[in-house]
Asker: 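Let me give you the structure first, and then I'll get to my questions.
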Amino acid sequence: MSDLVTRDFTAPAPDGYLLSMRLVSAAEPRIAVLVSSGTGFPKGFYERFARHMAERGAAVLTYDFRGIAGSRPDDLKAMAMDYPDWGRLDMPAALDALIEAAPGLRVVHVGHSVGGHFLGFMANQDRIHRHAFVSVGTGWWGGHHRSYNPMELFFWLGFGPFSLMRHGYIKGGGLWGGTDLPRGVFTTWRRWCLKREYFSRELATSLRPHHYEAVTAPIRSWIFTDDPIATPNSARDLLSVYPKAPSEISVHAPSDFGARRIGHEGAFRKGMEPLWDRIFHWLENGEG
């Protein structure tokens, strides 16, 4: 639609790190939508989704986590960060930027994979009225589809360590189809994914302070039967760390939306507009 307004800009995280952001908005939006990416997905991956939401009357902010795409430093090998920094520093900064860009609007959130996972690290999460989780579950390998286990174990124990040794970061391409990843993202992610209790034990100790127990906004979690990672069980396990948030899981086959495949990332690809309409309807009024 020609009346959409698009603005690219940078905004600082609380520690001063500059993050690349894009606002796509209806001329007169009635709701503000924050879109938090999955690990290794650049904000451009969500462009079609963001424009569809904007055409429905939203102001939509997408952004790159530190170390990713437009927020990647020149020397990724030298970057010092930890995976939860995305939730503690980057997600709150993006929310603040959206509130500033769309003042007075009710703010809702779409979290893809880790974008829903890290909601509980946000100090300002109480500004968000409703959350749509898309393919969000724990990363423990034993909770995933058995057919996926050999590849992910090779990623954690073979490909990843070799890439760190050779490049100093996880290089995109080949087995890893996402963007380049900082060392600190991979090492913490691997530690969690190789443990049955995942990160729940750390929430009581080394991951404090956090706000998982403070989240009270409703969460609807969309899960797809051909997603090898975010299964109904792993989604349920992840939602358990948000004990005070009313939550529900909505499980769908690709055929429910006329798709042959959705997997872990396909919910944001072309052709998934029927799903996007359901997500928007639920974010706006709690139905659908």
Side-chain angles (χ1 to χ4, degrees), residues 4-26 28-39 41-47 49-51 53-54 57-73 79 81-134 136 182 185 207-219 242 245 280 283-284:
L4 295 186
V5 179
T6 301
R7 179 165 65 93
D8 292 313
F9 62 101
T10 58
D15 63 346
Y17 193 98
L18 287 179
L19 301 170
S20 175
M21 302 188 182
R22 168 170 281 196
L23 183 76
V24 182
S25 178
E28 296 183 6
R30 62 181 185 272
I31 192 169
V33 181
L34 178 69
V35 179
S36 296
S37 306
T39 302
F41 290 92
K43 66 181 181 297
F45 179 74
Y46 305 93
E47 178 73 10
F49 173 79
R51 294 185 72 83
M53 293 286 176
V60 186
L61 185 83
T62 57
Y63 61 103
D64 288 321
F65 290 127
R66 66 185 60 208
I68 302 298
S71 301
R72 184 192 196 276
M79 186 179 197
M81 63 158 292
D82 196 5
Y83 202 15
D85 290 345
W86 287 357
R88 287 205 172 99
L89 301 170
D90 300 354
M91 291 173 70
L95 177 57
D96 286 345
L98 176 59
I99 291 171
E100 182 178 348
L105 296 185
R106 190 161 57 97
V107 180
V108 294
H109 178 223
V110 177
H112 177 211
S113 195
V114 80
H117 188 311
F118 280 1
L119 157 65
F121 287 124
M122 298 176 69
N124 59 354
Q125 56 78 27
D126 59 329
R127 305 291 300 274
I128 302 173
H129 289 79
R130 196 175 291 271
H131 301 274
F133 283 7
V134 181
V136 177
V185 167
L207 289 178
R208 291 198 176 277
H210 62 76
H211 310 276
Y212 282 87
E213 292 152 11
V215 176
T216 58
I219 302 170
Y242 296 106
F280 184 85
L283 287 172
E284 189 171 43

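Not measured: the values here are computed from a predicted model.
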Asker: Do other residues, nucleotides or ligands put more than 12 heavy atoms under 6.0 Å from Arg106 CZ?
Answerer: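 Yes, enclosed.
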
Asker: Suppose we screen for ring pair (Phe, Tyr, Trp, His ring centres under 6.0 Å). Which residues come up paired with His112, at least two apart in sequence or across chains?
Answerer: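 His112 satisfies ring pair (Phe, Tyr, Trp, His ring centres under 6.0 Å) with Phe41, Tyr46, His264, Phe268 once adjacent residues are dropped.
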
Asker: Please round to the nearest 0.5 Å and tell me the distance separating atom CG of Asn124 and atom CG of Asp96.
Answerer: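 Interatomic distance, Asn124 CG to Asp96 CG, rounded to 0.5 Å: 5.0 Å.
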
Asker: Quick one: CG on Leu283 to NE2 on His109, what's the gap to the nearest 0.5 Å?
Answerer: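 If we round to the nearest 0.5 Å, Leu283:CG and His109:NE2 are 10.0 Å apart.
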
Asker: Measuring from atom OG1 of Thr216 to atom CD of Gln125, what distance do you get when rounded to the nearest 0.5 angstrom?
Answerer: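 It is 6.5 Å, given to the nearest 0.5 Å.
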
Asker: For Pro12, what residues pass the side-chain contact (heavy atoms from CB on, under 4.5 Å) criterion, not counting sequence neighbours?
Answerer: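 With sequence neighbours excluded, Pro12 shows a side-chain contact (heavy atoms from CB on, under 4.5 Å) to Leu18, given in chain and number order.
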
Asker: Does Asp90 reach the main-chain N or O of Phe65 with its side chain, forming a donor-acceptor pair under 3.5 Å?
Answerer: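 Judged by distance alone, no pair lies under 3.5 Å.
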
Asker: Side chains of Leu34 and Met91: closer than 4.5 Å at any heavy-atom pair?
Answerer: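 No, every pair of side-chain atoms sits at 4.5 Å or beyond.
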
Asker: Minimum heavy-atom separation for Ala123 and His211, please, with both atom names.
Answerer: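 Taking every non-hydrogen atom into account, CA-NE2, 3.4 Å.
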
Asker: Hey, could you give me the CZ/CG distance between Arg127 and Leu95, rounded to the nearest 0.5 Å?
Answerer: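 Going from the CZ atom of Arg127 to the CG atom of Leu95 covers 7.0 Å.
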
Asker: Taking the side chain as C-beta and beyond, is there a heavy-atom pair between Leu207 and Tyr212 under 4.5 Å?
Answerer: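 No. Closest side-chain heavy atoms not under 4.5 Å.
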
Asker: If you look at every heavy atom in Ala217 and His129, which pair is closest and at what distance?
Answerer: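 Looking at all heavy atoms of both residues, the closest pair is CB-O, 3.5 Å.
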
Asker: Return the set of residues passing side-chain contact (heavy atoms from CB on, under 4.5 Å) with Val136 (not counting sequence neighbours), or none when no residue passes.
Answerer: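 Once residues adjacent in sequence are excluded, the partners of Val136 under the side-chain contact (heavy atoms from CB on, under 4.5 Å) criterion are Phe133, Leu238.
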
Asker: Got Met53 and Ile31 here, is their nearest side-chain heavy-atom distance under 4.5 Å?
Answerer: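 Contact flag for Met53/Ile31 side chains = no.
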
Asker: For Leu98 versus Ala59, what's the shortest heavy-atom pair and its separation?
Answerer: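 Closest pair (atom of Leu98, atom of Ala59, distance): CD1-O, 3.9 Å.
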
Asker: For Tyr17 and Ser71, which I'm curious about, is there any donor-acceptor pair between the side chains at under 3.5 Å?
Answerer: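 Checked: Tyr17/Ser71 side chains show no N/O donor-acceptor pair below 3.5 Å.
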
Asker: Passes side-chain contact (heavy atoms from CB on, under 4.5 Å), Arg30 versus Glu284? Steps please.
Answerer: CA-CA 9 Å; Arg30 62 181 185 272; Glu284 189 171 43; 2.4 Å; yes

Asker: Hey, could you give me the CZ/CG distance between Arg66 and Leu89, rounded to the nearest 0.5 Å?
Answerer: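 The distance works out to 4.5 Å.
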
Asker: Looking at every non-hydrogen atom in both residues, tell me the closest pair between Ala13 and Ala93 and how far apart they are.
Answerer: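 Heavy atoms only, the tightest pair is CA-CB, 3.7 Å.
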
Asker: Any idea which heavy atoms bring Ala97 and Ala11 closest together, and the distance?
Answerer: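 Shortest heavy-atom contact: CB-CB, 4.4 Å.
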
Asker: Can you tell me how far apart CG (Asp64) and CZ (Arg22) are? Round to the nearest 0.5 Å.
Answerer: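 One finds 10.5 Å between CG of Asp64 and CZ of Arg22.
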
Asker: Looking at Ala69 and Pro42, what are the two nearest heavy atoms and their distance?
Answerer: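 In this case the closest contact between Ala69 and Pro42 is CB-CB, 3.7 Å.
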
Asker: Say whether Ser37 and Tyr63, considering side chains only, have a donor N or O and an acceptor N or O under 3.5 Å apart.
Answerer: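 There is no such pair (donor and acceptor under 3.5 Å, judged by atom type) between the side chains of Ser37 and Tyr63.
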
Asker: Looking at side-chain heavy atoms only, is the closest gap between Phe49 and Thr62 below 4.5 Å?
Answerer: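 Counting from C-beta outward, Phe49 and Thr62 never come under 4.5 Å.
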
